[in-house]
Undergrad: 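Attaching a single structure in structure tokens format; questions to follow.
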2 protein chains.
Amino acid sequence: MTETAKPRRAQILDSASRLFSERGYHATSMRDLAGDLGMQGGSLYAHISGKEELLIEIVNVASRQFDEALFTLRDTDLPADEKLREAMHRHIRVVADNMDSATVFFHEWKHLSPEAYARVTGWRDSIDAFYRELITRGISEGTFRADLDPRMTAYLVLSAVNWAYTWYRPGGPLTPGDVADSFADMLLGGLRSEIGSTA
Amino acid sequence: MTETAKPRRAQILDSASRLFSERGYHATSMRDLAGDLGMQGGSLYAHISGKEELLIEIVNVASRQFDEALFTLRDTDLPADEKLREAMHRHIRVVADNMDSATVFFHEWKHLSPEAYARVTGWRDSIDAFYRELITRGISEGTFRADLDPRMTAYLVLSAVNWAYTWYRPGGPLTPGDVADSFADMLLGGLRSEIGSTA
DNA sequence: CACGCAGCCTAACGGGCGTTTGGCATCTGT
DNA sequence: ACAGATGCCAAACGCCCGTTAGGCTGCGTG
């Protein structure tokens, strides 16, 4: 009963993340998963209690990664634009460093049992609130335009950093930092050239 | 064998769109779908040939909507910033007017058979190319900043308009046009106030 | 050497899946 | 009134699902 973290369990979670992200949770059978690890379906149950435990754990780990990345930024004293840039850096890094579990997180959370489901929606809300507060503070600081709607602005920023899970490929020419800087530059400075600035 | 479009078939596709978007394709059984329409599982097969036909048709209809909305814009003579705004208007309207099938489109296309899968990735590429070309032209026109990377800019715009399927709620206070204008304003003009403009 | 215990196997369980079949009503046109 | 098509039901098909049970193997420790 000594539940010291065992490597085999971690292997199972890694395979599950990959398969769930590629095929989806319901389209991946326990036998598929076992086969990916070179074992028989039933053998998995020596290490885990069931299929949903895998999904819950993958989603929880992803949630925790986002939490740790963003909420240590909350009470730092950076100007709002720099803080936003840093938040995007961290956010995209979490996505990029955990492509599989991030994909599972974004796609499969609807299939969780009610308690785990509620935890995820709560997390989602708190991330929304983090960005909204950052933007609201930036407006009152005068760093951001006064006519911004914090909610819409937060949606725009979240779109940029979250959608990356659909197209980013680790090992390609772009580092997560490149992506974050590029997005932050465009968002903060706008797409238009200096000529003809009025909307 | 006269395959005039019958209303019952459309009802089945509507129900399937809703259920697939809420629960996912693999988590929705044919008996679930039939129950939603007040019939027995086997009765569906008088109207359709199988489950995958439903998915293919939902995805095809969604693809066609995006195609028609965007490619009629291709050869118009608007300045790049206005064209981008109009494209975002149309793109978000398609998402907002077809929340269910758009959700299925974004989530379940991986589960298609190889031919349908290839068609979707082809569509994806052509939408990417549409936005990249729009931006490239805007740069050479001088409307957009010269230091933009068209690929990254296209990703940013696509993030904004596509991610809307996760949070937009038809019938709420925001019309699709409100969302598109808000996003276009922020993207084109940037988030920063006039004070302190250099990055 | 004997022991115990991981770690995996094979086999099976009940149940739900997508799909097929055959039959029974109800309506339409002649 | 009759023929045929239409739309649905009830039942069954073979298959695969998640999960459980019991037994075999091989290693580390006394």
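So you know, we letter chains A, B, ... as the sequences are listed, proteins then strands, and number each from 1. The structure presented is a predicted model; accordingly, all values stated were derived computationally and were not measured.
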Undergrad: For the pair made of CE in A:Met39 and P in D:dC24, what is the distance, rounded to whole Å?
TA: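 One finds 20 Å between P of D:dC24 and CE of A:Met39, rounded.
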Undergrad: If hydrophobic clusters are built from ILVMFWY residues whose side chains come within less than 4.5 Å, do B:Ile58 and B:Leu112 share one?
TA: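 Yes, B:Ile58 and B:Leu112 fall within the same hydrophobic cluster.
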Undergrad: Report yes if at least one side-chain N or O of B:His26 is closer than 4.0 Å to OP1 or OP2 of C:dC17; otherwise report no.
TA: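 Answer no for this pair, as no side-chain N or O of B:His26 is under 4.0 Å from OP1 or OP2.
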Undergrad: Going by side chain to side chain donor-acceptor pair (under 3.5 Å), B:Arg18 matches just one of B:Asp100, B:Thr103, B:Asp36. Which one?
TA: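 Looking at B:Asp100, B:Thr103, B:Asp36, the match for B:Arg18 under the side chain to side chain donor-acceptor pair (under 3.5 Å) is B:Asp36.
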Undergrad: So if I apply the ring pair (Phe, Tyr, Trp, His ring centres under 6.0 Å) rule between B:Trp123 and each of B:Phe71, B:Trp109, B:Phe105, which one comes out positive?
TA: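 Only one of B:Phe71, B:Trp109, B:Phe105 forms a ring pair (Phe, Tyr, Trp, His ring centres under 6.0 Å) with B:Trp123, namely B:Phe105.
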Undergrad: Can you find an N or O donor on one side and an acceptor on the other, under 3.5 Å apart, linking the side chain of B:Arg31 with the base of C:dG18?
TA: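 Answer yes: a donor N or O sits under 3.5 Å from an acceptor.
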Undergrad: Is A:Ser43 touching bases, backbone alone, or none of the nucleic acid, heavy atoms closer than 4.0 Å?
TA: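 Here A:Ser43 touches the bases of the nucleic acid.
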Undergrad: For C:dC8, take OP1 and OP2 only and decide whether either is under 4.0 Å from a side-chain N or O of A:Gln40.
TA: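 A:Gln40 to C:dC8 OP1/OP2: no side-chain N or O under 4.0 Å.
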Undergrad: With respect to the phosphate group of C:dC8, does any side-chain polar atom (N or O) of A:Arg8 fall under 4.0 Å of OP1 or OP2?
TA: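 For A:Arg8, the contact criterion (side-chain N or O under 4.0 Å from OP1 or OP2 of C:dC8) is met.
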Undergrad: So, is B:Tyr45 close to the C:dT19 phosphate, meaning a side-chain N or O under 4.0 Å from OP1 or OP2?
TA: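 Yes, because at least one side-chain N or O of B:Tyr45 sits under 4.0 Å from OP1 or OP2 of C:dT19.
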Undergrad: Nearest whole angstrom, please: distance from the P of C:dT21 to the CG of B:Leu44.
TA: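 These atoms are roughly 17 Å apart.
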Undergrad: Just the rounded figure in Å: distance from P of D:dT19 to NE2 of A:His47.
TA: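 To the nearest whole Å, that distance equals 16 Å.
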Undergrad: Using whole Å, report how far CD1 of B:Ile48 lies from P of D:dG7.
TA: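 Rounding to the nearest Å, CD1 of B:Ile48 and P of D:dG7 are 14 Å apart.
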Undergrad: Across the strands shown, which category fits A:Thr28 at heavy-atom distances under 4.0 angstrom: base, sugar-phosphate, nothing?
TA: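 Since only primed, P, OP1 and OP2 atoms lie under 4.0 Å of A:Thr28, the category is sugar-phosphate.
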Undergrad: When rounded to the nearest 0.5 angstrom, what is the spacing between OH in B:Tyr155 and CG in B:Asp149?
TA: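 Nearest 0.5 Å value for the OH-CG distance: 9.5 Å.
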Undergrad: Is A:Lys83 salt-bridged to A:Glu133, cutoff N-O under 4.0 Å?
TA: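 Looking at A:Lys83 and A:Glu133, the cut-off is not met.
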Undergrad: Using a cut-off of 4.0 Å on non-hydrogen atoms, how would the nucleic acid contact of A:Gly50 be classed: base, sugar-phosphate, or nothing?
TA: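 Result for A:Gly50 = sugar-phosphate.
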Undergrad: To the nearest angstrom, how far is B:Glu53 atom CD from C:dG18 atom C1'?
TA: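 Between C1' of C:dG18 and CD of B:Glu53: 14 Å.
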Undergrad: Rounded to the nearest Å, what distance is computed from the NZ atom of residue A:Lys51 to the P atom of nucleotide D:dC16?
TA: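 In whole Å, D:dC16 P lies 15 Å from A:Lys51 NZ.
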Undergrad: For A:Met30 and C:dC8, give me the distance from atom CE to atom P, rounded to whole Å.
TA: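 Result: 14 Å.
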